[in-house]
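Read the structure below first, then the notes.
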Number of protein chains: 2
Amino acid sequence: MIRTNHDFIIYIDKLRKKGSYEIDEQVFAPKTMILKQDRRYSSVYLIREGIAKCYITDENGKEFIQEFLGQGMEFGELEIFSNKLTICSVTSVSELKVYSFPHSTYRALLKEDPTFNGLVMKALADKIRYKAPRHSYQHSYPIEDNILRLQKLFPELTEVLPKKDIANYIGVTTRSLNRALKELKQKQDNPK
Amino acid sequence: MIRTNHDFIIYIDKLRKKGSYEIDEQVFAPKTMILKQDRRYSSVYLIREGIAKCYITDENGKEFIQEFLGQGMEFGELEIFSNKLTICSVTSVSELKVYSFPHSTYRALLKEDPTFNGLVMKALADKIRYKAPRHSYQHSYPIEDNILRLQKLFPELTEVLPKKDIANYIGVTTRSLNRALKELKQKQDNPK
DNA sequence: TTGGCCTTGGGACAAATGTCCTTTTAATTA
DNA sequence: TAATTAAAAGGACATTTGTCCCAAGGCCAA
């Protein structure tokens, strides 16, 4: 659920030490909106520390969380390739330290640095791989199963995140999430 | 719903004429399974003509269709970057003509041909962009709206594809699809 | 041409989820 | 500390969707 990419962050740390490219450092307070859906920006971000949520808001104001981004994940990179507006909003969950690449730098790196190029390519491929089974799983299994799976993978998250976010991630209403949680508790207290 | 990528096919056509890389041509009969989920393959495919469906099958045997691939779309490429097993099965819908790249050729092209590299990068980015809003939309709107949207975008598909596929694409059962279709028809016959 | 098989369509009921609201609890600020 | 706001929990009901059937029609192979 919280995605990470260590190889990427390690490589960028190295790059920065060399200092041949402009890579800025930035810190955002918790709950800061960093990218807003349907806008245009001129930087790509890479998370050095902290967690961000990446989500789409529909016309009715419902949020649908795409993924939680952790160390080494980038955002704002899709717009490099398509020159379209952002599809997702990105907000910091905890305090967030990021590297930010001006588009020009990012483009230069893609061209001139084969390792960087490869890392970006792999990061894109991983995002695709990750999304495919997720939505299929959420469709095919009841809410309870989705919660259990989540709690197993990221026990800490359930305590850090507001219920609303968890519900939005699973793609259900808060009410339904609560109902499922209650039933789960009953089953655990009174097994079978 | 049927995705395409013309720039890509145009460029590969050009490449093939030059003949410096091994790019084979292959034809599959309708309803042929080309890739099977959780296997390993040694080629990447690019569609020259026809339509394929790309889907995940879960433990209960339910299919969930990821996308329909048309001209210029590639499949089997994710495994180049992560060396993992395929996540999707791919089956031809109509007769399918493809170019197939041995992994070695594909890798060589990525390294040596910047245009190819860029096209692949963009193709990956587009797949991500495309998936995000789709699942969010399907969650937030009733089946009827999803059908209407689909009929508007691809009126031809509704006639070519079996109902089961359409249902699997929207992520509902055939029963629910039928129900929605019936209600739609009633509304049209007897408006308001 | 007939029997099997698959697709389509739909009835009846069960289960899951959403909507709307109210109450409770915790957190924040004046 | 009191007052205000926000988050969490849940009751009651409506709606949606799924499950399990069965029947009708088309298509193919024997």
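Quick note on labels: first sequence line is chain A, next is B, and so on, each numbered from 1.
- Rounded to an integer number of Å, the gap from B/Leu181 CG to D/dT17 C1' is 15 Å.
- B/Ile143 comes within contact range of the sugar-phosphate backbone alone, with a heavy-atom separation under 4.0 Å but no base atom that close.
- OP1 or OP2 of D/dG11 lies within a sub-4.0 Å distance of a side-chain N or O belonging to A/Lys182.
- Side chain B/Arg179 to base D/dG18: a donor-acceptor pair is found below 3.5 Å.
- Put simply, CG on A/Asn178 is 17 Å from P on C/dC20, counting in whole angstrom units.
- For the OP1/OP2 pair of C/dG18 and a distance below 4.0 Å, the side-chain nitrogens and oxygens of A/Ser176 include at least one atom meeting the criterion.
- Side chains of B/Tyr169 and B/Gln138: a donor-acceptor N/O pair is absent below 3.5 angstrom, by distance only.
- When atom types are taken as modelled, the side chain of B/Thr173 and the backbone of B/Ser176 share a donor-acceptor pair closer than 3.5 angstrom.
- Distances from the side chain of B/Arg175 to the nucleotides C/dT17, C/dG11, D/dA12 place C/dG11 closest.
- Using a 4.0 Å cut-off between charged nitrogen and carboxylate oxygen, B/Glu67 and B/Lys53 do not count as a salt-bridge pair.
- At the phosphate of C/dG9, OP1 or OP2 sits under 4.0 Å from a side-chain N or O atom of B/Lys163.
- Looking only at side-chain heavy atoms (C-beta outward), A/Glu144 and A/Glu183 come within less than 4.5 Å of each other.
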